[in-house]
Asker: 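Handing you a structure now.
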Amino acid sequence: MENRPLSPHIQIYKWHISSLVSISHRITGIINFFAITLICIWFALMLLAESNYQIIKIFLETFLGKFILIGITWSFSFQMLSEIRHLIMDLGYGFELQTTKITGLLVIFGSIILTILIYFIGKGLI
């Protein structure tokens, strides 16, 4: 009997951009589910009373609040660009190894750029 692993183990598995994007796509999908729930709760609280609006506004002006907002923005941006990538692949394009690397990097860096762009638009700098 041979002493070799039956499946790839973390010591020998080589990570690819496509696997990183795929795993991140699943994680951001879960994050977005909870983010949408949180956003709905925030809106419901703001509709109930002005004091709730002030509490939420104060929280969103803290470092943690800004971090959460930027994180949610990145998560939605990443998910959107990754879905566009999947849509193109569903049409039968982009399965070549080099193309999957390029589109994976486009999703990663595009989501970061899109998040920065949305931040600047929100600040009124653009």
Side-chain angles (χ1 to χ4, degrees):
M1 183 169 195
E2 296 180 36
N3 278 340
R4 60 182 177 163
L6 299 176
S7 63
H9 291 270
I10 197 135
Q11 295 92 357
I12 60 171
Y13 184 75
K14 185 175 178 183
W15 282 88
H16 300 281
I17 295 294
S18 292
S19 55
L20 177 66
V21 171
S22 178
I23 292 168
S24 299
H25 178 80
R26 288 172 173 80
I27 292 170
T28 56
I30 294 168
I31 291 170
N32 290 344
F33 171 78
F34 289 108
I36 289 171
T37 305
L38 181 63
I39 290 168
C40 289
I41 291 170
W42 283 345
F43 279 129
L45 287 172
M46 287 190 294
L47 291 173
L48 293 175
E50 187 176 337
S51 61
N52 292 335
Y53 172 76
Q54 293 300 328
I55 292 169
I56 293 169
K57 182 180 176 195
I58 291 169
F59 172 72
L60 292 178
E61 290 174 350
T62 66
F63 176 77
L64 179 62
K66 290 177 183 179
F67 180 78
I68 289 172
L69 286 177
I70 289 173
I72 289 172
T73 304
W74 174 81
S75 182
F76 280 122
S77 300
F78 184 91
Q79 187 81 19
M80 179 185 63
L81 293 176
S82 184
E83 287 291 340
I84 292 170
R85 178 179 184 247
H86 280 275
L87 179 64
I88 292 169
M89 292 175 90
D90 286 343
L91 295 173
Y93 303 106
F95 288 106
E96 298 80 23
L97 186 59
Q98 188 65 25
T99 306
T100 58
K101 287 180 184 177
I102 292 170
T103 58
L105 289 172
L106 283 173
V107 168
I108 293 169
F109 291 115
S111 64
I112 294 168
I113 292 169
L114 192 56
T115 302
I116 293 169
L117 185 66
I118 290 169
Y119 175 80
F120 285 142
I121 290 171
K123 284 288 194 181
L125 300 173
I126 295 180

Asker: What are the two closest heavy atoms between G94 and T99, and how far apart are they?
Answerer: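 Heavy atoms of G94 and T99 come nearest at CA-CG2, 3.5 Å.
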Asker: Give a yes or no on whether I56 and L64 share a hydrophobic cluster (residues Ile, Leu, Val, Met, Phe, Trp, Tyr; joining criterion: side-chain heavy atoms under 4.5 Å apart).
Answerer: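 The answer is yes; both residues are in one hydrophobic cluster.
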Asker: Quick one: which of I36, I31, T115 gives a side-chain contact (heavy atoms from CB on, under 4.5 Å) with F76?
Answerer: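 Only one option passes, and that is I36.
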Asker: Check for a donor-acceptor pair, side chain of R26 on one end and backbone N or O of S22 on the other, with a separation under 3.5 Å.
Answerer: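 At least one qualifying donor-acceptor pair exists.
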Asker: Got more than 12 heavy atoms from elsewhere within 6.0 Å of CD, E50?
Answerer: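 Atom CD in E50 is not packed in, count stays at 12 or less.
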Asker: How many angstroms lie between atom CD1 of I72 and atom CZ of F34, to the nearest 0.5 angstrom?
Answerer: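 If we round to the nearest 0.5 Å, I72:CD1 and F34:CZ are 12.5 Å apart.
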Asker: Treating T62 as the side-chain partner and I58 as the backbone partner, does any N or O pair qualify as donor plus acceptor under 3.5 Å?
Answerer: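 No; judged by distance alone, with no hydrogens or angles, the pair does not exist.
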Asker: Please check if I30 and F33 belong to a single hydrophobic cluster, counting links between Ile, Leu, Val, Met, Phe, Trp and Tyr side chain heavy atoms closer than 4.5 Å.
Answerer: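 Yes, same cluster.
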Asker: In terms of ring plane angle, is the pair F78 and W74 parallel, tilted or perpendicular, where the classes change at 30° and 60°?
Answerer: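 Tilted, since the angle between the ring planes falls between 30° and 60°.
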Asker: Minimum heavy-atom separation for R85 and S18, please, with both atom names.
Answerer: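 Closest approach of R85 to S18: NH2-OG, 3.3 Å.
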Asker: How close do K66 and E61 get, counting heavy atoms only, and between which atoms?
Answerer: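 Heavy atoms of K66 and E61 come nearest at CE-O, 3.5 Å.
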Asker: Do you know which two heavy atoms are closest between I17 and K101, and how far apart they sit?
Answerer: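 Smallest heavy-atom distance, with atoms named: CG2-O, 4.0 Å.
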Asker: Answer yes or no: does atom CZ of F95 have more than 12 heavy-atom neighbours from other residues, nucleotides or ligands under 6.0 Å?
Answerer: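 More than 12 heavy atoms, drawn from other residues, nucleotides or ligands, come within 6.0 Å of this atom.
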Asker: Tell me, do T28 and S82 make a side-chain contact under 4.5 Å, heavy atoms counted?
Answerer: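 No, every pair of side-chain atoms sits at 4.5 Å or beyond.
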Asker: Could you report the tightest heavy-atom contact between I108 and S111, atom names first, then the distance?
Answerer: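 The answer is O-OG, 2.8 Å.
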Asker: Check whether V107 and L20 end up in the same hydrophobic cluster, where Ile, Leu, Val, Met, Phe, Trp and Tyr are linked by side-chain heavy atoms less than 4.5 Å apart.
Answerer: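 Same cluster.
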Asker: As a quick check of understanding, evaluate side-chain contact (heavy atoms from CB on, under 4.5 Å) for K57 and M46, giving each step before the final call.
Answerer: CA-CA 10 Å; K57 182 180 176 195; M46 287 190 294; over 6 Å; no
Asker: When hydrophobic residues are tied together by side-chain contacts of less than 4.5 Å, even through go-betweens, does I113 share a cluster with I102?
Answerer: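 No.
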Asker: Can you tell me if Y93 has over 12 outside heavy atoms packed within less than 6.0 Å of its OH?
Answerer: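 For Y93, atom OH is not crowded (no more than 12 foreign heavy atoms under 6.0 Å).
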Asker: Please determine whether side-chain contact (heavy atoms from CB on, under 4.5 Å) holds for the pair T103 and M89, giving the CA-CA distance in whole Å, both sets of side-chain angles, and the decisive distance to 0.1 Å.
Answerer: CA-CA 10 Å; T103 58; M89 292 175 90; 5.6 Å; no
Asker: Run the numbers on Y119 and T73 for side-chain contact (heavy atoms from CB on, under 4.5 Å), then give the verdict.
Answerer: CA-CA 9 Å; Y119 175 80; T73 304; over 6 Å; no
Asker: Count I, L, V, M, F, W, Y as connected when their side-chain heavy atoms are under 4.5 Å apart, and connections chain through other members. Are I112 and I121 then in the same cluster?
Answerer: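 Yes, it is one cluster - the side chains of I112 and I121 are joined through contacts under 4.5 Å.
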Asker: Does the pair N52 and W42 meet the rule for a side-chain contact (heavy atoms from CB on, under 4.5 Å), with working shown?
Answerer: CA-CA 9 Å; N52 292 335; W42 283 345; over 6 Å; no
Asker: Looking at every non-hydrogen atom in both residues, tell me the closest pair between G110 and L81 and how far apart they are.
Answerer: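 For G110 versus L81, the nearest heavy atoms are C-CD1, 3.4 Å.
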